[in-house]
There are 2 protein chains.
Amino acid sequence: MSPPEKGAPTTRTTRQRTAIEALLADTSSFTSAQHLHARLSAQGSSVGLSTVYRTLQAMADAGEVDVLRQGDGEALYRRCSPAHHHHLVCRECGRTVEVEGRDVEAWAVRVAQTHGFTDPTHDIEVFGTCPDCSR
Amino acid sequence: MSPPEKGAPTTRTTRQRTAIEALLADTSSFTSAQHLHARLSAQGSSVGLSTVYRTLQAMADAGEVDVLRQGDGEALYRRCSPAHHHHLVCRECGRTVEVEGRDVEAWAVRVAQTHGFTDPTHDIEVFGTCPDCSR
DNA sequence: CTTTGTGCAAAGGCTTTGCATGCTT
DNA sequence: AAGCATGCAAAGCCTTTGCACAAAG
């Protein structure tokens, strides 16, 4: 079927890819592909919208960014640390804080086991209004 | 602007609404609007797709069904109990179990407070393979 | 009789894909 | 030179909306 899959699929260093990664590195809140595309254009380093989508998708697959599905169908992305973690997101400005949740991890596993579900996974996000926005 | 809003916004009893509620009551897994529409047609009690969407949305607003955003942008619905709860969803067949999470609720609140975030809310879903599917 | 619900078809918004060209290796 | 990456435009998908008609209260 498919050739003997080896490690990481080649990722070339292009101006676009670099620009996207750089911008993402400077952003601490969740952003949409479209917004990112707009910022890149405004900033001069214009990149095709499809490229933004493709790159973001690739990074998500590689675990380099976290994806959050908004209620309106728009996907939000944010760079993230490699370790497993959860987010505390400000519902006003989108600012994000990565938090750990050993307790929650354990809870999730326990819940799954209790019902005989194997191979547990979970999606957890906490929302709130951050200090700056509630002022 | 708007008239003095009183209690519940009138919900009329129509054949369509009844059919949707009935089908939902018989389903214990998350379903998409389109799938629901197809099942209704197949079952004879055909209902317009827009009506399905509108009804589902109304029920979601009323807290009669839970909404789950799939990665591909399709929304999944499922009837639910009025009390606050979370879901344990089988990633194979979609079967769902409602679970409580006092511990998690507390954790979420604590996490928010720790970072000065007010008015905490959360989205939590646990996935796994159910007994029947892992067999 | 008045008001809300329904259908159909068209519009919308985000995302994906086909294909020819340019750039990285 | 060989192959992935990029752009543009078109296509896809799910969902929402406008409007005229039917049904509920």
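Side-chain atoms are counted along with the backbone in the values below, which use heavy atoms only and exclude waters and symmetry mates. Each chain gets a letter, A, B and so on, in the order its sequence line appears, and its residues count up from 1.
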Worksheet item: For the base of dC8(C), is there a side-chain donor-acceptor partner from S50(B) under 3.5 Å away?
Response: yes

Discussion item. Check the phosphate of dT16(C) against Q57(A), side-chain N and O only, distance under 4.0 Å to OP1 or OP2. Yes or no?
Written reply: yes

Worksheet item: Hey, is R69(A) close enough to E125(A) for a salt bridge, meaning N to O under 4.0 Å?
Response: no

Practice prompt. Look at the side chain of T55(A) and decide which nucleotide, out of dT6(C), dT6(D), dT15(D), has an atom nearest to it.
Written response: dT6(D)

Worksheet item: Is the number of heavy atoms from other residues, nucleotides or ligands within 6.0 Å of CZ (R15(B)) greater than 12?
Response: yes

Worksheet item: Should Y53(B) be listed as having a side-chain N or O under 4.0 Å from OP1 or OP2 of dT15(D)?
Response: yes

Item to complete: Calculate the interatomic distance between L76(B) atom CG and dC14(D) atom P; express it in whole Å.
Response: 12 Å

Worksheet item: Is there a donor in the side chain of Q16(A) and an acceptor in the side chain of T55(A), or the other way round, less than 3.5 Å apart?
Response: no

Response to the item:
Of R54(B) and R69(B), the one whose nearest nucleotide on DNA chain D sits closer to the 5' end is R69(B)

Practice prompt. Figure out the CG/P separation between L56(A) and dT15(C), and round it to whole Å.
Written response: 9 Å

Fill in: Phosphate-side-chain proximity, Q16(B) and dG7(C), N/O vs OP1/OP2 below 4.0 Å
yes

Practice prompt. Show which residues join Y53(B) in its hydrophobic cluster (side-chain heavy-atom contacts under 4.5 Å, direct or indirect), or state none.
Written response: L49(B)

Worksheet entry | Ion pair check, R110(B) and D103(A), cut-off under 4.0 Å | yes

Worksheet, complete the sentence: L49(A) atom CG is separated from dT16(C) atom P, nearest whole Å, by 10 Å

Worksheet item: In whole angstroms, how far is the C1' atom of dC14(C) from the CG atom of L68(A)?
Response: 16 Å

Response to the item:
Judged by nearest nucleotide, the residue sitting upstream toward the 5' end of DNA chain D, S32(B) or V52(A), is V52(A)

Response to the item:
Testing dT24(C), dG7(C), dT15(C) for proximity to the side chain of T14(A), the answer is dT24(C)

Worksheet, complete the sentence: Rounded to whole Å, the CZ-C1' distance (R17(A) to dT24(C)) equals 14 Å

Worksheet item: E74(A) has an atom CD; how far is it from atom C1' of dT16(C), in whole Å?
Response: 16 Å

Discussion item. What's the closest nucleotide to the side chain of V47(B) if the choices are dT15(D), dT15(C), dG7(C)?
Written reply: dG7(C)

Fill in: H37(A) NE2 to dC14(C) P, straight-line distance once rounded to whole Å
13 Å

Fill in: Side-chain-base donor-acceptor pair under 3.5 Å for R15(A) and dG22(C)
no

Discussion item. Can you measure L40(A) atom CG to dG7(D) atom C1' for me and round it to whole angstrom units?
Written reply: 15 Å

Discussion item. Using OP1 and OP2 only, check whether a side-chain N or O of T13(B) sits under 4.0 Å from dT4(C).
Written reply: no

Worksheet entry | S46(B) vs R12(B), nearer the 5' end of DNA chain C by closest nucleotide | R12(B)

